[in-house]
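Shown next, in structure tokens, is the structure this report addresses.
Note on naming: letters A, B, ... go to the chains in the order of the sequence lines (proteins, then strands), and numbering restarts at 1 for each one. This structure is a prediction, so every number in the text was calculated from the model and none was measured.
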2 protein chains.
Amino acid sequence: MTGAPTPRAVARAETTARIKELALAQLAESGASSLSLRAVARALDLVSSAIYRYYASRDELITALIVDAYDDLAAAVEVAVEHPRRGARHRFVDGCAAMRTWARAEPHRWALIYGSAIPGYTAPADTVAPAARVVRALCTPVADDRGIGTGRDVGGRLGAQLDATGAALDLDVDRATMLTLIGAFGRLVGLLTLELNGHFVGGLEPADDLWAAIVEREADDLGL
Amino acid sequence: MTGAPTPRAVARAETTARIKELALAQLAESGASSLSLRAVARALDLVSSAIYRYYASRDELITALIVDAYDDLAAAVEVAVEHPRRGARHRFVDGCAAMRTWARAEPHRWALIYGSAIPGYTAPADTVAPAARVVRALCTPVADDRGIGTGRDVGGRLGAQLDATGAALDLDVDRATMLTLIGAFGRLVGLLTLELNGHFVGGLEPADDLWAAIVEREADDLGL
DNA sequence: CGATGGCAAGAGCACCGCTCTCTCTTTGTG
DNA sequence: CACAAAGAGAGAGCGGTGCTCTTGCCATCG
């Protein structure tokens with residue numbers, strides 16, 4: 001069945017990939033909300049209606065781009081974090097650096113996944129697994145280094161939520177560490193969002209030093 | 001000159017306000033990128049081209065909404081922070097709570113100011129003062145409580161950037177505190193963005209307890 | 001009173017997402 | 001192998017968008 005893919009199937013896969021590729025290029029220079037299926041079709045020498053053979057709607061194309069972006073970012077962080085010879089602290093810092101590097105290189109794709117949701121557009125379930133992969137990758141150095149513990153435990157509803165989150169991410173860390181990790185991830189996302197959206201132009205640009213200082217502090221908080 | 005505004009000027013101001021008001025309503029239910037001048041015109045019983053007498057372009061209308069959003073959020077935080085009888089820590093915590101309350105009540109406006117920048121749209125200079133007002137309001141409890149100092153100083157380029165930022169915000173705090181404040185603001189923005197965009201639906205929703213725990217930690221870090 | 005200038009209207013341009021129908025070609029099967 | 005089924009593109013079309021330009025009305029001010 002899968003032995004010899006028919007020429008038509010090959011062509012279809014190729015066209016689908018080209019559409020995504022051209023959409024990405026267009027995204028890079030005009031942003032998500034002005035992504036035009038018609039323009040993609042034009043660039044492909046196709047009539048606009050033909051696009052709908054490949055993506056049922058503009059939202060479906062955007063969803064594909066979102067999933068790709070998550071996967072791409074997650075892969076970048078995973079690679080950065082996967083240095084077996086370095087200590088946990090170095091791996092965490094490298095993971096953070098990889099995230100910022102990716103975000104600065106692909107600000108439009110960053111905006112796609114961590115920016116404001118497109119109005120009326122609700123992310124389908126396909127996106128949650130890739131999204132989780134990103135935060136999981138960033139957390140693995142800490143999980144691998146587990147055993148330190150911050151002393152304080154977290155109880156109540158928040159404790160249960162943290163347990164559930166750790167389980168969903170397949171991370172074996174105590175609650176207090178999980179809380180710190182979520183806080184760290186939130187901080188990274190926030191600072192990156194602010195930087196990419198130009199909120200730092202006043203006096204904090206370039207933000208390399210700021211980023212480094214913050215990440216070091218975060219590593220301290222994580223007991224790395 | 002300003003003694004008796006002509007009826008025409010009054011009518012113009014009124015129409016301008018109504019346009020903004022209707023645009024805001026439309027924003028609330030459809031999001032920024034689907035804000036339609038034509039729809040606003042229809043709701044106003046105006047022909048679409050007439051809108052351009054009041055706002056030269058869609059971007060200009062959106063800019064007006066952005067400035068309003070900053071001002072509104074800043075006012076909310078300022079009120080929350082202005083309790084003279086409470087201690088600095090309480091005031092800071094209240095300010096953070098006000099920010100989250102506002103963001104959850106007006107997620108579309110939050111997205112407008114802290115979400116991904118609209119493609120091709122570059123925020124005009126008019127927006128930086130209101131934007132600074134927000135972070136300044138959040139920082140005032142700490143600045144009022146100054147004198148503690150975290151011990152460590154920050155040198156180099158980052159130190160200068162922190163000085164510049166403190167000056168731009170008209171805040172008299174030492175560099176290490178400024179760094180912590182920026183980190184705190186970034187974290188708040190990031191967590192709020194994640195929450196509003198549904199990144200917590202897995203297991204952290206509702207995020208009230210998470211928010212409370214994070215803010216308490218932040219207050220600790222600030223030495224409040 | 002008469003000239004000026006703000007204001008609304010309407011037509012129009014170039015674009016958009018999406019649907020429908022029609023035709024042609026590839027595919028898989030009886 | 002022939003033929004029905006399914007896939008792919010083309011084209012027309014609908015209702016929507018931001019924005020421009022021209023035209024005519026009417027309040028305002030010299």
Side-chain angles (χ1 to χ4, degrees), chain A residues 1-20 22-23 25-27 29-66 112 118-122 124, chain B residues 1-20 22-23 25-27 29-66 112 118-122 124:
Chain A
M1 185 179 277
T2 56
T6 81
R8 177 169 266 177
V10 170
R12 179 178 185 81
E14 205 165 296
T15 304
T16 307
R18 287 193 64 197
I19 290 176
K20 214 160 64 176
L22 287 169
Q26 194 178 319
L27 184 76
E29 62 181 32
S30 322
S33 68
S34 68
L35 204 178
S36 151
L37 292 190
R38 289 181 113 111
V40 171
R42 263 195 307 272
L44 255 156
D45 264 321
L46 269 184
V47 91
S48 72
S49 59
I51 296 285
Y52 291 87
R53 297 250 169 228
Y54 300 89
Y55 292 95
S57 70
R58 188 172 168 278
D59 278 3
E60 203 174 292
L61 212 199
I62 290 181
T63 299
L65 295 180
I66 288 177
L112 209 55
I118 288 99
Y121 170 88
T122 43
Chain B
M1 184 179 274
T2 54
T6 81
R8 180 168 262 175
V10 169
R12 180 179 183 83
E14 204 165 297
T15 305
T16 307
R18 286 193 64 196
I19 290 176
K20 213 161 64 176
L22 287 168
Q26 194 178 318
L27 184 77
E29 61 181 31
S30 322
S33 69
S34 69
L35 204 180
S36 153
L37 291 190
R38 289 182 112 108
V40 171
R42 264 195 305 275
L44 257 157
D45 264 322
L46 268 185
V47 91
S48 71
S49 59
I51 295 286
Y52 292 86
R53 297 246 163 229
Y54 300 90
Y55 292 96
S57 69
R58 187 171 169 279
D59 278 3
E60 202 174 293
L61 214 197
I62 290 180
T63 299
L65 295 179
I66 289 177
L112 210 54
I118 286 101
Y121 170 87
T122 44

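A straight line from CZ of B:Arg58 to P of C:dC16 spans 15 Å, rounded to a whole angstrom. Nucleotide D:dG18 holds its P atom 10 Å from the CD1 atom of B:Ile51, rounded to whole Å. The separation between A:Ile19 atom CD1 and D:dG9 atom P is 8 Å, rounded to whole Å. Here C:dC16 presents its P atom at 15 Å from CZ of B:Arg38, a figure rounded to the nearest Å.
Taking only side-chain atoms of B:Ala50, from C-beta outward, the nucleotide of C:dA8, C:dC18, D:dA8 with the closest atom is C:dA8. Comparing atom distances between the A:Ser49 side chain and each of C:dC7, D:dG11, C:dC16 picks out D:dG11 as nearest. Of the candidate nucleotides C:dG28, D:dT17, C:dT19, C:dG28 has the atom lying nearest to any side-chain atom of A:Thr6.
Side-chain nitrogen and oxygen atoms of B:Tyr54 include none within less than 4.0 Å of the OP1 or OP2 phosphate oxygen of C:dG6. One finds a side-chain N or O of A:Arg12 lying less than 4.0 angstrom from the OP1 or OP2 phosphate oxygen of D:dA8.
Residue contacts shown for A:Leu35 are limited to sugar-phosphate atoms, with no base heavy atom under 4.0 Å away.
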Output side-chain donor-acceptor pairs under 3.5 Å for residues 13-20 of chain B, partner residues at least two apart or in another chain, one line each.
residue: B:Thr15; atom: OG1; partner: B:Ala11; partner atom: O; Å: 2.9
residue: B:Thr16; atom: OG1; partner: B:Arg12; partner atom: O; Å: 2.7
residue: B:Lys20; atom: NZ; partner: B:Asp68; partner atom: OD2; Å: 3.1

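Using a 4.5 Å heavy-atom cutoff, the side chains of A:Tyr52 and A:Leu37 are in contact. Residues A:Leu35 and A:Leu65 are in side-chain contact: their nearest non-hydrogen atoms beyond the backbone lie under 4.5 Å apart.
Closest heavy-atom contact between B:Ser33 and B:Arg58: O-NH2, 3.0 Å. Contact record, B:Gln26 with B:Ala39: OE1-CB, 3.4 Å, taken as the closest heavy-atom pair. Counting all heavy atoms, side chain and backbone alike, A:Ala23 lies closest to A:Val40 at CA-CG2, 4.0 Å.
Of the two residues near DNA chain C, A:Arg53 and A:Leu37, the one whose nearest nucleotide lies more 5' is A:Leu37.
Shown for residues 39-48 of chain B: residues whose heavy atoms fall under 4.0 angstrom of DNA chain D, namely B:Arg42, B:Ser48.
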